[in-house]
Amino acid sequence: MIIVIKQGVTKEQLSLFKTTLEERFHVKVNTWEGVESTVLGLIGDTTSIDEDWVNAQEVVENLRRVQEPYKKANRKFHPDNTIIELPTGQKIGDGSLCIMAGPCSVENEEQINYVAERVKAAGATFLRGGAFKPRTSPYAFQGLKAEGLDLLKGARKLTGLPIVTEIMRVSHIDMFESVDIIQVGARNMQNFELLKELGKIDKPILLKRGLSSTIDEWLMSAEYIMAGGNNKVILCERGIRTFETATRNTLDLSAVPVIKSKSHLPVIVDPSHATGKAALVETMALAAVAAGADGLMIEVHNDPKHALSDGAQSLTPDQFDTVARKVLTLHQTMKTIHQA
């Protein structure tokens with residue numbers, strides 16, 4: 001249940017009303033203060049709440065019942081878009097286009113440093129790279145692990161780009177203390193014990209959509225993180241598994257506007273994992289920008305033919321130069337269109 005508060009209500013009036021709600025109906029009251037309105041979210045058993053009594057209160061504009069099981073991730077509770085700002089100054093969800101680029105797997109120092117310098121020069125705002133790699137085959141390259149994290153940190157020092165990398169288990173959280181954005185991969189989207197622990201830290205979490213997950217299931221996973229106190233969640237559409245085999249996955253670009261209507265959280269798109277083919281990345285990246293995505297995650301490798309993982313979907317630095325230029329140009333055009 002949500003209650004929209006009238007404009008002009010004082011802090012004292014609001015505090016008294018919240019206390020009365022909690023004591024009278026035994027619910028927890030969360031407050032979201034937006035630019036134009038203040039919203040109270042009532043969490044708990046709201047079946048016994050007297051709606052007539054609530055609507056009769058002087059401070060109340062209106063009251064609505066919320067059917068969705070996710071509350072903190074719900075736009076009805078939080079009308080304004082969430083903007084995530086890193087200590088280094090980068091923002092996600094503020095209307096700019098963030099670009100996370102880099103190799104699927106960190107392979108060696110020369111590789112990650114070269115790619116980091118190239119993607120930064122092309123306009124990338126974050127460096128992505130895998131240190132721990134979940135692979136379908138137990139015989140495939142699993143990443144450099146702790147050494148990979150150190151190499152990512154070295155590339156960050158060299159370029160100034162914040163790093164984004166995937167965590168695999170709860171026991172690794174301490175190792176990720178100096179990672180700027182922690183990624184939860186598709187296979188771990190419903191690893192609820194991991195999500196609960198990530199909810200206890202003050203660090204942005206990039207949550208990828210599960211291989212066969214609905215949008216509501218995805219948002220419920222975000223809720224697990226936010227319920228623990230960490231509201232810095234970024235959603236990432238990376239394609240879902242369907243009966244189509246022409247691409248690695250089916251990129252659900254409709255998820256972008258659907259998420260925007262359901263949630264206040266920023267959403268980015270990964271066209272590399274979605275299509276599995278480098279030749280399709282540019283087209284789908286442009287389509288994601290047109291759909292309203294807050295950012296892109298693109299795989300870039302200095303030598304895709306000899307990459308230790310996912311070379312087929314990786315762009316060369318030269319190809320990324322072209323894609324970055326086009327998506328940034330389109331993003332500016334889309335902003336102009338929306339402002340007209």
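Heavy atoms only: backbone and side chains are in, while hydrogens, waters and symmetry mates are out.
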* **Pairs involving residues 247-296, ordered by first then second residue, that meet ring-ring contact (aromatic ring centres under 6.0 Å, His included) (sequence neighbours left out)** => H78-H264

Salt-bridge test for [X] and [Y]: reply yes if a basic N is under 4.0 Å from a carboxylate O, no otherwise.
| X | Y | answer |
| --- | --- | --- |
| E117 | K120 | no |
| E223 | K72 | no |
| K28 | E22 | no |

* Asked: Hey, does the side chain of T159 reach the backbone of L161 with a donor-acceptor pair shorter than 3.5 angstrom?
  -> yes

* Structure fact -> The salt bridge (charged side-chain N to carboxylate O under 4.0 Å, His left out) partner of D270 among R128, R238, K208 is K208

* **With sequence neighbours excluded, residues passing side-chain hydrogen bond (donor to acceptor under 3.5 Å, both in side chains) with K133** => none

* To do: State which residues pass side-chain hydrogen bond (donor to acceptor under 3.5 Å, both in side chains) with N55; sequence neighbours excluded, sorted by chain then number.
  => none

* Asked: How long is the gap from NE2 on H172 to CZ on F132, to the nearest 0.5 Å?
  -> 4.5 Å

Modelled atom types, side-chain donor and acceptor of [X] and [Y], under 3.5 Å:
| X | Y | value |
| --- | --- | --- |
| S15 | E12 | no |
| T88 | Q90 | yes |
| T316 | D318 | no |
| R65 | T46 | yes |

* Do V59 and L14 have side chains that get closer than 4.5 Å, going by heavy atoms? -> no

* Among pairs that include at least one residue of residues 76-99, which meet salt bridge (charged side-chain N to carboxylate O under 4.0 Å, His left out), considering only residues two or more places apart or in two chains? -> E68-K76

* Are the aromatic rings of F25 and W53 close, with centres under 6.0 Å apart? -> yes

* T336 and Q339: CA distance, side-chain angles, deciding distance, side-chain hydrogen bond (donor to acceptor under 3.5 Å, both in side chains) verdict -> CA-CA 5 Å; T336 301; Q339 292 170 359; 5.2 Å; no

* List, by chain and then residue number, the residues other than I181 in its hydrophobic cluster (Ile/Leu/Val/Met/Phe/Trp/Tyr, side-chain heavy atoms under 4.5 Å); write none if there are no others. => I84, L86, I92, M100, F126, V164, L206, I234, I268, M297

* Parallel, tilted or perpendicular: which fits the ring planes of W32 and F77, with parallel below 30° and perpendicular above 60°? -> perpendicular

* Can you name the residues that form a salt bridge (charged side-chain N to carboxylate O under 4.0 Å, His left out) with R75, not counting sequence neighbours? -> none

